[in-house]
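Structure first, then comments.
Letters go in sequence order (proteins before strands), and every chain restarts at 1. All values below were derived from every heavy atom in this structure, side-chain atoms included, with hydrogens, water molecules and symmetry-related copies excluded.
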There are 2 protein chains.
Amino acid sequence: MSDENLMTIRQMCDAYEVTPRTLRFYEAKELLFPIRQGTKRLYARRDRARLKLILRGKRFGFSLEEIRQLLDLYDLGDQQATQLAKTYELATQRLADMVNQREELDEAIEELKQQLEWGEKRLAELYASSAAE
Amino acid sequence: MSDENLMTIRQMCDAYEVTPRTLRFYEAKELLFPIRQGTKRLYARRDRARLKLILRGKRFGFSLEEIRQLLDLYDLGDQQATQLAKTYELATQRLADMVNQREELDEAIEELKQQLEWGEKRLAELYASSAAE
DNA sequence: CGTTTAACTTACGTTCACGTCAAGCAATGT
DNA sequence: ACATTGCTTGACGTGAACGTAAGTTAAACG
């Protein structure tokens, strides 16, 4: 029962359905910063939060580089004033992007629903005619 | 003033901000089916509609292959019954995916707003303390 | 009729996001 | 003591989505 709150790479993989390779890759790209016990990696709460955000970002179609920049937004702890201001500005921009994407997504959902109704009717017709045979 | 309603590859590129390579690539992947006037491609209304859907799908993080399957949904014209049924089922699944994505997106937007408020306060503090000097 | 111009094909190159060995260290059980 | 298990670091491979360069053809222009 090692240190609670810290997870090995395998526990992380099982918990988030990713491979070790993926976690090491994210680390190489400076998206994660697990601590080292000897040679082994240990992931703390902070890394898990970041990983969640990474996986979510991917589902929205963001690249890892875009995600890396976004991650700083959730770690505003001890930034310099100028750096904080830049981060803040980037965040408002990203927020606008997301709101746009939500609008588009709403549209897409509506259109797809329409098409589904159409298909439903067509299927009903086909079924009716085959039953009439 | 060639045949209205039909666009050359360059007009398409300018209109949708893609490269010729991209359009030919989508054609190779059977996402677009421009008609041929001799060796040249001409894009009709149908292709433009499909291209819009392709670009939108990409913004949502779908792969071209996923998009290709989805495209059939908007072209339910003359499908076989069994094929139509399969397409329909796939569509309902995708719709569910999109609805999920919207929920996640809503969450993400909320969280980011929270972070922005936080950053705003921090910035205000920093500004106040530097002004007091 | 020669020459730009635009589109074409073929094919190899590139970036991203990992997958997949290969070889080595480190603790753990028998 | 030794083998198994789990993690490690390279390093090369891969599929997706194009980019890019080379050479070809066809229409249009002077």
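Listed by chain and residue number, B:Glu65, B:Leu90 satisfy the side-chain contact (heavy atoms from CB on, under 4.5 Å) test with B:Gln69 (two or more places apart in sequence, or in another chain). Not a single side-chain contact (heavy atoms from CB on, under 4.5 Å) links A:Lys40 to another residue, sequence neighbours left out. Remark: B:Gln93 pairs with B:Asp97 by the side chain to side chain donor-acceptor pair (under 3.5 Å) rule, at least two apart or across chains. In this structure, the side-chain contact (heavy atoms from CB on, under 4.5 Å) partners of B:Asp14, at least two apart in sequence or on a different chain, are B:Arg10. Every side-chain contact (heavy atoms from CB on, under 4.5 Å) that A:Gln83 has, sequence neighbours left out, goes to A:Gln79, A:Gln80, A:Thr87. Residues meeting the side chain to side chain donor-acceptor pair (under 3.5 Å) test with A:Glu107, sequence neighbours left out: none.
Residue A:Phe60 is grouped with residue A:Leu55 when hydrophobic side chains (ILVMFWY) are merged at heavy-atom distances under 4.5 angstrom, including chains of intermediate members.
In this structure, CG on B:Leu64 lies 10.0 Å from CG on B:Leu71, to the nearest 0.5 angstrom.
The separation between A:Arg10 atom CZ and C:dA27 atom C1' is 17 Å, rounded to whole Å. If you measure from atom CZ of A:Arg36 to atom P of C:dC25, you get 16 Å, rounded to the nearest angstrom. Look at CD on A:Gln37: it is 11 Å from C1' on C:dA26, rounded to the nearest Å. The distance from atom CD1 of B:Ile54 to atom P of D:dA16 is 16 Å, rounded to the nearest whole Å. Remark: C1' of C:dT5 and CD1 of B:Ile9 are 15 Å apart, rounded to the nearest angstrom.
Residues from residues 58-72 of chain A lying near DNA chain D, meaning a heavy-atom separation below 4.0 Å, are absent. Near DNA chain D, defined here as any heavy-atom distance below 4.0 Å, the residues from residues 18-27 of chain B are B:Thr19, B:Arg21, B:Thr22, B:Phe25, B:Tyr26, listed numerically. Near DNA chain D, meaning a heavy atom under 4.0 Å from it, residues 39-48 of chain A has A:Thr39, A:Lys40, A:Arg41 in order of number.
At a cut-off of 3.5 Å, with distance as the only test, no side-chain donor of A:Gln115 or B:Tyr74 sits close to an acceptor on the other residue.
Over its length, the helix from C:dC1-D:dG30 to C:dT30-D:dA1 turns its helix axis by 10°, as judged from the five terminal pairs at each end, rounded to 10°.
Legend: side chain to side chain donor-acceptor pair (under 3.5 Å) pairs involving residues 43-57 of chain A, not counting sequence neighbours, sorted by first then second residue: A:Asn5-A:Arg48, A:Arg46-A:Asp75, A:Arg50-A:Asp75, A:Arg56-B:Glu111.
Using a 4.5 Å heavy-atom cutoff, the side chains of B:Leu84 and A:Arg122 are in contact.
No donor-acceptor pair under 3.5 Å is formed between the side chain of A:Glu117 and the backbone N or O of A:Gln114.
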Kindly list each side-chain donor-acceptor pair under 3.5 angstrom involving residues 20-37 of chain A, sequence neighbours excluded, with atom names and distances?
residue, atom, partner, partner atom, Å
A:Thr22, OG1, A:Thr19, OG1, 2.9
A:Glu27, OE1, A:Arg41, NE, 2.5
A:Arg36, NH1, A:Thr39, O, 3.1

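Between A:Thr8 and D:dG6 there is no side-chain N or O to OP1 or OP2 distance below 4.0 Å.
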